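Shown next, in structure tokens, is the structure this report addresses.
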Number of protein chains: 2
Amino acid sequence: MNKIKTKNTQRTKSEAKAEAILKGAMKEFLANGYAATSMDKVAKTAGVSKATVYSYFGDKESLFNALIQNLAKDKFQTAMILPESESAEKEPKLVLQQLATKILENGMKDRTFQNFIRIIIGESGRFPELAQAYVNNLAKPAIKMLTQYFKSHPELDLPDAEAIVRVFMGTLVYYMMLQELMHGKDIIPLESDRLVNTLTDLITANKGK
Amino acid sequence: MNKIKTKNTQRTKSEAKAEAILKGAMKEFLANGYAATSMDKVAKTAGVSKATVYSYFGDKESLFNALIQNLAKDKFQTAMILPESESAEKEPKLVLQQLATKILENGMKDRTFQNFIRIIIGESGRFPELAQAYVNNLAKPAIKMLTQYFKSHPELDLPDAEAIVRVFMGTLVYYMMLQELMHGKDIIPLESDRLVNTLTDLITANKGK
DNA sequence: GTCTATACATCGATAGAC
DNA sequence: GTCTATCGATGTATAGAC
């Protein structure tokens, strides 16, 4: 039991240091991108020596991989918002409006998340596995969840739920991308309410046949 | 006249060399990103010495700026496809289907264009002016053109043409991004025809009131 | 004007002290 | 295990020959 305790303490210490390194790596990589981030900077920001960084993560590429996989699996999982439990009884148009508004609100203000998206896309050519980690851990669950919602509301009369989900998500992502990531807010302004209203109207219009 | 001729010849030569440098810079920057591209590599790919590159473009940042602005203004302007002139007489649903299909076809196969998008987004935090050049020269004209089309078809009964355009473009861009840029093709497959059909159906459904 | 050669800083990674 | 010190390679940028 004493042995176990000691072991746990050691592991905790190690994990604490590994976490400090990951935290420093996050700040630097998200701010400067992969190539422009030096291991010296990561070590200094993490408060350890460069040799310690290497002893924990092997090399720069492995550290970057560990960081991004970690962010995709843990940190930004919360970016996916589920329709609340009471939503089953509410009007679909209202549920979708609230969902879209929440997604936009969360995404438009979170600079860290925006930098995460920037680096994932920017490095998706050179680190395809990291882009796929994003797809698997963030995009795919969100799509599945929304698809399930649409399929559970046959009164919406949507013949292709999977495709509708892409319209829904694509509209919101493209808006965040143009207005925030690409700094288009003042060049091509558009109120988010107009977008959300138009989008949810299109989906719930019911084609009146 | 002789003087002028000489001057023109000189300028042509200079411009030819500047073009060669830009061509080399394009290959390297689009393949490796900004930070990971060295001026040595650019010079070698362009077939000139490094000093010549610096004498033409000052420093690395200026060269990158010149290149991306050039690509946004000239090379990828063609990525924007106009509805054909006869389209005024055709069914809107058919026009939109053909337009969406064309946009997807052009975007999904063009690796150079995909790398251009990758670097624009990836560097949009550190080079906001370049992201805005993309918005001004590529996104904004496309949006304006489509908005004009929707406004000229009142029978579609679209209360907010600007917002509808964002839905249209966003759906297509998000699809290209997930399937191609982020290598999600095999993880979350979806036939482009289903997407295009669903999208154009939504817009032309006419709400049957 | 265009080249070669080089200055000077910083990179990723490791050896060796403790 | 974690540090300091340092290696060789490579980066941006420029000086000087022609």
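Residue numbers start from 1 in every chain, and the chains themselves are labelled A, B, ... in the order their sequence lines are given, proteins ahead of strands. All values derive from a computational prediction rather than experimental measurement.
- For the residue pair A/Ser62/A/Asp59, the side-chain donor-acceptor check at 3.5 Å is satisfied.
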side-chain contact (heavy atoms from CB on, under 4.5 Å) between B/Asn137 and B/Phe76, worked out: CA-CA 9 Å; B/Asn137 296 305; B/Phe76 295 121; over 6 Å; no

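- The CE-P distance, from A/Met39 to D/dC3, rounds to 14 Å in whole Å.
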I'd like a list of close polar pairs between nucleotides 14-17 of chain C and the protein, N/O only, cut-off under 3.5 Å.
none

Check against side-chain contact (heavy atoms from CB on, under 4.5 Å), B/Phe150 and B/Ile203: CA-CA 10 Å; B/Phe150 284 134; B/Ile203 294 176; 3.9 Å; yes

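- In summary, A/Glu162 and A/Lys151 engage in a salt bridge, as defined by a charged side-chain N under 4.0 Å from a carboxylate O.
- The separation between B/Asp59 atom CG and D/dT14 atom P is 8 Å, rounded to whole Å.
- Using a 4.0 Å heavy-atom cutoff across all strands shown, A/Phe57 reaches no nucleic acid atom at all.
- The shortest distance between the side-chain N/O atoms of B/Tyr56 and the OP1/OP2 oxygens of C/dT2 is below 4.0 Å.
- With rounding to whole Å, B/Lys17 atom NZ is found 11 Å from C/dG1 atom P.
- Taking atom CG of B/Asp40 as the reference point, atom P of C/dC11 lies 17 Å away to the nearest angstrom.
- Between B/Glu123 and B/Arg126, at least one side-chain nitrogen of the basic residue sits less than 4.0 Å from a carboxylate oxygen of the acidic one, meeting the salt-bridge criterion.
- Of the two residues contacting DNA chain D, namely A/Thr52 and B/Lys41, the nearest-nucleotide position lying further toward the 5' end is that of A/Thr52.
- Rounding to whole angstrom units, NZ of residue A/Lys44 and P of C/dG12 are separated by 14 Å.
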Working for side-chain contact (heavy atoms from CB on, under 4.5 Å), residues A/Arg166 and B/Thr198: CA-CA 10 Å; A/Arg166 304 295 187 109; B/Thr198 299; over 6 Å; no

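- Closest of all the heavy-atom pairs between B/Phe168 and B/Leu96 is CZ-O, 3.9 Å.
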Output a table of nitrogen or oxygen pairs between the protein and nucleotides 8-10 of chain D separated by less than 3.5 Å.
none

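- Annotation: cation-pi pair B/Lys60/B/Tyr34 present, NZ/CZ under 6.0 Å from the ring centroid and within 45° of its normal.
- For residues 26-41 of chain A, every residue pair satisfying the salt bridge (charged side-chain N to carboxylate O under 4.0 Å, His left out) rule, not counting sequence neighbours, is listed here: A/Asp40-A/Lys50.
- Between the CD1 atom of A/Ile21 and the P atom of D/dC3 there is a distance of 9 Å, rounded to whole Å.
- Each of B/Gly47 and A/Lys60 has a nearest nucleotide on DNA chain C; the 5'-most of these lies closest to B/Gly47.
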